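The structure appears right after this line, and notes come after that.
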Amino acid sequence: GIRYRGLTQEQVHVQILPVDYEIEYICRGNRVIVGPKVRKCLPNGTWTDLTLRSRCFRRHFPKKLYIGALFPMSGGWPGGQACLPSAQMALDLVNKRTDILPDYELELIYYDSMCDPGEATKLLYDLLYTEPIKIVLMPGCSSVSTLVAEAARMWNLIVLSYGSSSPALSNRQRFPTFFRTHPSATLHNPTRVQLFQKWKWTKIATIQQTTEVFTSTLDDLEQRVKEAGIEISVRQSFLTDPAVAVKNLKRQDARIIVGLFYETEARKVFCEVFKEKLYGKKYVWFLIGWYADNWFKIKDPSINCTVENMTEAVEGHVTTEIVMLNPETVRGASNLTSQEFLEQLMSRLGGKNPEETGGFQEAPLAYDAVWALALALNKTVEPLKAKGRRLEDFNYNNHDITAEIYRALNTSSFEGVSVSVVKCSGYKKIGYYDSTKGNLSWFGNDKWIGGAPPADQTVVIEEFRFLSQKLFVSVSVFAGLGILLGIVCLTFNIYNSNVRYIQNSQPYLNNMTAVGCMLSLAAVFPLGIDGLHVHRVRFPVVCQKFSVKCSSQFRLWLLGLGFSLAYGSMFTKIWWVHTVFTKKDEKKDKRKHLEPWKLYATVGVLLGIDILSLMIWQIVDPLHITVEKFTREAPKGDLDVLIQPLLEHCSSEKMNTWLGVVYGYKGLLLLLGIFLAYETKSVSTEKINDHRAVGMAIYNVAVLCMITAPVTMILSSQQDASFAFASLAIVFSVYITLVVLFIPKMRRLITRGEWQSEQQETMKTGSSTNNNDEEKSRQLERENKELQKIIQEKEERVSELRNQLTERQALRSRRRLSGQNQNHSTPAPPASQNDPKSLLPPPGYPLPSSDNHSLPPSFSNSSNLYQPDGKIGRNNCHTSRLQLLYK
């Protein structure tokens, strides 16, 4: 054939041919040209390629072998954008080679799986049940490869993946026919561990997308960091929305974070990272390196962050990538160097920016996968020919051909690519790690936002909370003054113990009350002692037992014994008064003789119960120091530290149980004391002449204790408020008790001078005066009882007379009515109402007398109750008018 460039049909017939003249060789349809297809006319009159012959040979039609492939052109990992052109480039080179599968031609049938297992299921069905038969399947994306590899064995198909890094795919029992050129994702983990150790991090956090590839990768990482002595403090996962997981990382103070998720989810994660401010100089993120370089700049409608927000959030993150290209300039099976491969791939991409092309880093793996498959198929030709079989005879039920392909792939040896490259965002290479040799090559060009690698956790500074010293000193002053007041009251009571008024108040019980009050006030001082005053080793000693340096008891013993002495003595008084004066008369006489030893024994029983319970508590479950932790606080300023407030307590293992027993017992005593004080408020006795003051003190003590006990338990975490409530309740209770019991006695003795006259009289007369007074008191009580009996007899006599008078009046009324009926026709003259005879009593009754002296002596002062005329009217006999006065 002849091609005339730039000539019309008329110009072809000219005698002189132009320079721009070419001859093109064309063969018949079943033949092909070997040699130059076009020869050009040169200016010197010769033709191009004169030394090469152009010949036609019969065309050879190779048999086609079909490869079913799934390339993710979109989705979580759009690796098909670069891997598909790379695979097609490899197929073209393989099909041109006459030494590899000369009788066959490989053809690729592919679909877009979108990195979605659901979509891949549908496409796999189309590949298997649509002609022609596929001899091998080539999926990409781990989730899709997992699905395809599990199903492929049912059709006797070999699966060769170019872009699946899931460690789970290495399970031969689950995936018996699966091969891959992409290294497992676990290859990143040794590099990560090396970096953690280099930067001296011992605590990390992880966040992953809940897919098998990332779960298995994280399991491997967890095992490796455990062996290296590194702790995974936080482990979060999410399915589609990472908002909650990122918030949990922030809440749990994660600093060094390993993120395992696909590219689309990575944009969602870092949009939430920007919102939660989980970036900057305090944080380092480790990401997967097979994202596109500008993955965070790609517009994504699923997030509401700008490119500027995303760029700010990803600043400073670190990625680990597998070196996909051989760094050395050697020619492999395809007769191309790494640089030549990249040039041809860029030509196929049409100048598209590699940073915006998904799967550009994995493109060499897809290229090698096609070459590995071609070499393996080429290796099976002769073994199958020996068995009388051919590759084109493959079908989904033929196990022999599948076994040969499996054997060829399994015995193929390729140079392992197991070198990781570490890059920072930007991206800049900062080192290499050779996992086969464990060698980390560091470039030393890493730069940190804060100037140095951040800490793996917030530096926590423990700070103990101590009681306010102003409060402690103020309350201690009041307690000290109260102790002085107690000493004054005790001295006064002892000095005037011979005065009759003081003796009638049971001075020994009052002495116990004063001593108990002073012990209770002394408990205020150790109540405010904490780690600021005493070393932590001695702090439990202050809680429960004798200290080496102190001679008095502390806290628990002081307060317990002080309460038993003070309240127990007052309770004993009120109990005795209630027992004597609220019983029946016959029992009063038996108990009127007060025996002081019984009162002291009652106080001793109450004190013994407290001592026994405290000893059991101390032996069985002794107090020890415990430390309460509060919410961490951030100090002022941009410091990467937190303050951990701590508070020391004296506690035991079963503190609540012991407090329940003690509070229950004391509470019952307080309630019973209130009841007894109320019952005896109107009783008057000279045996215990201050029982009303004791009742008032019991009211105040009970109310303060019942309010303070639960409040201090609630406020136990607030040292100032708890101490203020407890100490002030003790101080007020003691002050009220001392003032109510002792101040009136002092005032009476001082103002009336009884403390002098009665004391001198007592010194002269001795104990006889007291005995005479007691005898007189008993005589008066006997006379009083006799007079009460006489009064009762008189009241009964008056009642009897009243009844008789009522009967007499009723009888007169009946007689008058009958007389009127008989004399209806002849009325009789009416009787005068003033006739004395009409008022005469019936026969047998004594005549009434108007003389007041004729009444019983008991009624001599009650004559004014009768009418002025000296006669008792009908309506003047009610008992309310006959009042009997007695003193």
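Keep in mind that this is a model prediction, so the values were computed, not measured. Computed over heavy atoms, backbone and side chain alike; hydrogens, waters and symmetry mates excluded.
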Output for pair (Met310 CE, Lys299 NZ), nearest 0.5 Å, gives 14.0 Å
(message) Under a 3.5 Å distance rule, please check whether Tyr396 uses its side chain to pair with a backbone N or O of Lys134 as donor and acceptor.
(response) yes
Practice prompt. May I have the step-by-step check of side chain to side chain contact (heavy atoms under 4.5 Å, CB included) for Ile158 and Phe179, ending in yes or no?
Written response: CA-CA 8 Å; Ile158 298 295; Phe179 294 89; 4.1 Å; yes
**Study point:** Carboxylate-amine/guanidinium contact Asp400 Arg407, below 4.0 Å
**Key:** no
Check step by step if side chain to side chain contact (heavy atoms under 4.5 Å, CB included) holds for Val136 and Leu157.
CA-CA 6 Å; Val136 173; Leu157 280 169; over 6 Å; no
Please determine whether side chain to side chain donor-acceptor pair (under 3.5 Å) holds for the pair Ser164 and Ser145, giving the CA-CA distance in whole Å, both sets of side-chain angles, and the decisive distance to 0.1 Å. CA-CA 7 Å; Ser164 302; Ser145 297; 2.4 Å; yes
**Item:** Ser184 side chain to Leu187 backbone, donor-acceptor under 3.5 Å
**Value:** no
task = Please lay out, stage by stage, how Leu287 and Val318 fare under the test side chain to side chain contact (heavy atoms under 4.5 Å, CB included).
result = CA-CA 6 Å; Leu287 302 181; Val318 178; over 6 Å; no
Those residues at least two apart in sequence (or on a different chain) that pass salt bridge (Lys or Arg N to Asp or Glu O under 4.0 Å) with Glu119 are none
Taken to the nearest 0.5 Å, the spacing of Arg267 CZ from Ser302 OG works out to 7.0 Å
Ionic contact status for Asp92 with Arg348, cut-off 4.0 Å = yes
What verdict does the side chain to side chain donor-acceptor pair (under 3.5 Å) test give for Thr202 and Asp456, after you've listed the backbone C-alpha separation in whole Å, the side-chain angles of each residue and the deciding distance to 0.1 Å? CA-CA 7 Å; Thr202 59; Asp456 57 359; 3.0 Å; yes
Going through the checks in order, is the side chain to side chain contact (heavy atoms under 4.5 Å, CB included) test met by Asp220 and Thr217? CA-CA 5 Å; Asp220 178 78; Thr217 303; 5.8 Å; no
Review point. Can we say Lys275 and Glu272 salt-bridge, meaning some charged N sits less than 4.0 Å from an Asp/Glu carboxylate O?
Key: yes
**OP:** Using the six-membered ring wherever Trp is involved, compare the ring planes of Tyr367 and Phe341 and label them parallel, tilted or perpendicular (cut-offs 30° and 60°).
**Re:** tilted
Separation between CD (Glu222) and CD (Glu231), nearest 0.5 Å, reads 10.5 Å
Please walk me through it: do Tyr129 and Tyr125 pass ring-ring contact (aromatic ring centres under 6.0 Å, His included)?
CA-CA 6 Å; Tyr129 291 97; Tyr125 182 87; 4.7 Å; yes
field: Donor-acceptor contact below 3.5 Å, side chain Glu404 vs main chain Ile401
entry: no
Can you confirm whether His188 sits close enough to Arg192 that some side-chain heavy atom of one is under 4.5 Å from a side-chain heavy atom of the other?
yes
Pairs of donor and acceptor atoms involving the side chains of residues 68-80, under 3.5 Å and at least two apart or interchain, shall be tabulated with distances.
none

*asked:* Counting C-beta onward and ignoring hydrogens, is there a side-chain heavy-atom pair between Leu336 and Leu93 closer than 4.5 Å?
replied: yes
For this session: Please answer whether the main-chain N or O of Glu392 pairs with a side-chain N or O of Lys63 as donor and acceptor at a distance below 3.5 Å.
Result: no
Q.
I'd like to check Phe196 versus Ile204 (side-chain heavy atoms, cut-off strictly below 4.5 Å). Are they in contact?
A. yes
Do side-chain atoms of Thr130 reach the backbone of Leu127 as a donor and acceptor pair under 3.5 angstrom?
-> no
Test side chain to side chain donor-acceptor pair (under 3.5 Å) applied to Ser170 and Arg180, step by step: CA-CA 9 Å; Ser170 300; Arg180 60 181 169 184; 2.7 Å; yes
The side-chain contact (heavy atoms from CB on, under 4.5 Å) partners of Lys352 (sequence neighbours excluded) come to Gln81, Leu349, Thr357
- prompt: Parallel, tilted or perpendicular: which describes the rings of Phe286 and Trp201, with under 30° parallel and over 60° perpendicular?
  reply: perpendicular
message: Using a 3.5 Å distance criterion without hydrogens, assess whether the side chain of His317 forms a donor-acceptor pair with backbone atoms of Val314.
response: yes
- prompt: Taking NZ, NE, NH1 and NH2 as the nitrogens, is one of them in Glu107 or Lys64 under 4.0 Å from a carboxylate oxygen of the other?
  reply: yes
Check whether any side-chain N or O of Asn309 sits under 3.5 Å from a backbone N or O of Cys305 as a donor-acceptor pair, and report yes or no. no
To the nearest 0.5 Å, atom OG1 of Thr380 lies from atom CD1 of Ile405 at 5.5 Å
Kindly indicate whether the side chain of Pro183, heavy atoms from C-beta on, has any atom under 4.5 Å from the side chain of Leu365. yes
Handout entry: Pair Tyr291 + Phe296: ring centers closer than 6.0 Å
Key = no
task: Report the C-alpha distance between Ser142 and Glu212 in whole Å, list the side-chain angles of each, state the deciding distance to 0.1 Å, and finish with yes or no for side chain to side chain donor-acceptor pair (under 3.5 Å).
output: CA-CA 8 Å; Ser142 294; Glu212 188 175 26; over 6 Å; no
Here the gap from Lys277 atom NZ to Lys282 atom NZ, rounded to the nearest 0.5 Å, amounts to 13.0 Å
Just by distance, do the side chain of Ser86 and the backbone of Ala363 share a donor-acceptor pair under 3.5 Å?
yes
Item to check | Main-chain N/O of Ala168 paired with Asn171 side-chain donor or acceptor, under 3.5 Å | outcome: no
The reported gap from CG in Asp368 to CG in Leu373 (rounded to nearest 0.5 angstrom) is 12.5 Å
**Request:** Could you tell me whether Arg255 sits above the aromatic face of Tyr279, with NZ or CZ closer than 6.0 angstrom to the six-membered ring centre and within 45 degrees of the axis?
**Result:** no
- For the residue pair Trp285 and Phe270, is the inter-centroid distance of their aromatic rings smaller than 6.0 Å? yes
message = So does Lys297 get a backbone contact from the side chain of Asn294, meaning a donor-acceptor N/O pair under 3.5 Å?
response = no
